[in-house]
Amino acid sequence: MAHSGMQILGFALGLFAVFGLIIGTILPQWKMSAFVGSNIITAVSMYEGLWMSCAFQSTGQIQCKVYDSILQLNSALQATRALMVLSIIVSVGGLGVACMGMKCTTCGGDDKVKKSRIAMAGGIIMLVGALCAIVACGWYTNDIVQAFYNPFTPVNSKYEFGAAIFITWAGAFLGLIGGCMLAASCPRQTSIPAKGRYPQSTASSIPLKSHV
């Protein structure tokens, strides 16, 4: 029963992780313009994401523009794109495999040991997806930090962390925890006596008396 509860909790965390990864990947607020220096202009805030850049005006108007060419993007953004898409695909696949091996489902047959191993495999796949998201977020975060502290970067071109990158971080760690719980829910296989072998009876050691 404890393993079943752990599987359900791990699956729920993995489901929330996938939602977080998808929302974080779509949102354009991966980095936002930082107001530093003496000339601070707060009328327009610039945001950049994996797929588009947006300008938020103080009047409430939003103007977004999709990136024209992939070749114009830097290596960190291209790698983050690829890793996030791979992370979402792998995490969804891990959820599907884990769903087949959970005790509360009828998929995967009636063999409990086999179903537990399938759930464990789904947890390992989810771990791979979460690690891809962590590498992507770490790469993009490092690029923002290096550009911010670079003395040759213009003041109006400095960016800081946006809300989307925190959502993605949260989704990645939820996927990591959920994958670990699913991978650890496989029970140890107990030793089963071989078929046809029975414990020796103590009555066999008593000599039989012959009647004449």
Side-chain angles (χ1 to χ4, degrees), residues 1-32 47-52 70 73-108 112-146 159-188:
M1 199 70 178
H3 293 292
S4 179
M6 185 180 294
Q7 287 179 352
I8 294 174
L9 182 58
F11 185 84
L13 291 177
L15 193 61
F16 284 119
V18 171
F19 287 149
L21 294 177
I22 294 175
I23 293 173
T25 304
I26 295 175
L27 289 178
Q29 291 92 350
W30 275 69
K31 61 181 181 180
M32 56 182 295
Y47 292 88
E48 289 189 8
L50 302 181
W51 315 98
M52 65 183 70
I70 300 178
L73 306 177
N74 55 16
S75 58
L77 184 55
Q78 293 183 18
T80 305
R81 268 186 174 186
L83 286 173
M84 287 307 302
V85 173
L86 180 63
S87 173
I88 293 173
I89 295 174
V90 173
S91 298
V92 172
L95 282 178
V97 175
C99 183
M100 295 177 58
M102 293 176 64
K103 294 181 179 180
C104 58
T105 61
T106 57
C107 302
K112 294 182 179 180
V113 177
K114 181 180 178 181
K115 285 176 67 67
S116 299
R117 290 176 179 174
I118 294 175
M120 183 180 65
I124 294 174
I125 295 174
M126 286 181 58
L127 284 176
V128 174
L131 290 176
C132 290
I134 290 175
V135 172
C137 292
W139 199 332
Y140 199 88
T141 302
N142 182 62
D143 185 69
I144 295 175
V145 173
Q146 286 186 350
Y159 287 87
E160 58 186 0
F161 306 128
I165 196 169
F166 293 108
I167 296 175
T168 310
W169 273 114
F173 281 110
L174 284 178
L176 192 66
I177 297 173
C180 288
M181 295 182 71
L182 285 171
S185 64
C186 183
R188 296 180 180 179

Hey, could you give me the CG/CG distance between D143 and N74, rounded to the nearest 0.5 Å? 5.0 Å
On a heavy-atom basis, which atom in G14 and which in M126 lie closest, and how many Å separate them? CA-CE, 3.1 Å
Among L27, I26, L21, the one residue meeting side chain to side chain contact (heavy atoms under 4.5 Å, CB included) with I23: L27
Using a 3.5 Å distance criterion without hydrogens, assess whether the side chain of S87 forms a donor-acceptor pair with backbone atoms of L83. no
Rounded to the nearest 0.5 Å, what separates atom CE in M84 from atom CD1 in I89? 11.5 Å
By side-chain hydrogen bond (donor to acceptor under 3.5 Å, both in side chains) - contacts of Y47 (at least two apart): none
Enter the distance from L9:CG to I177:CD1 here, rounded to the nearest 0.5 Å. 9.5 Å
Within this structure, what is the CE-CG distance for the pair M181 and L127, rounded to the nearest 0.5 Å? 12.0 Å
Kindly check if the number of other-residue, nucleotide or ligand heavy atoms within 6.0 Å of CZ (F161) is above 12? yes
At what distance, to the nearest 0.5 angstrom, does CG of N142 lie from CD of Q146? 4.0 Å
Please report the shortest heavy-atom distance between L50 and R81, naming the atom on each side. O-NE, 2.5 Å
At what distance, to the nearest 0.5 angstrom, does CH2 of W139 lie from OG of S75? 6.0 Å
Looking at G178 and L13, what are the two nearest heavy atoms and their distance? CA-CB, 4.0 Å
Are any of the side-chain heavy atoms of W30 and L77 separated by less than 4.5 Å? no
With a 4.5 Å cut-off on side-chain heavy atoms, are W169 and T141 touching? yes
Shortest non-hydrogen separation from A130 to S91 and the atoms involved: N-OG, 4.3 Å
Is it the case that more than 12 heavy atoms not belonging to W51 sit under 6.0 Å from its CH2 atom? yes
Between L182 and Q7, which heavy-atom pair has the shortest distance, and what is it? CD2-O, 3.5 Å
For V18 against V92, the heavy-atom pair lying closest together: CG1-CG2, 3.8 Å
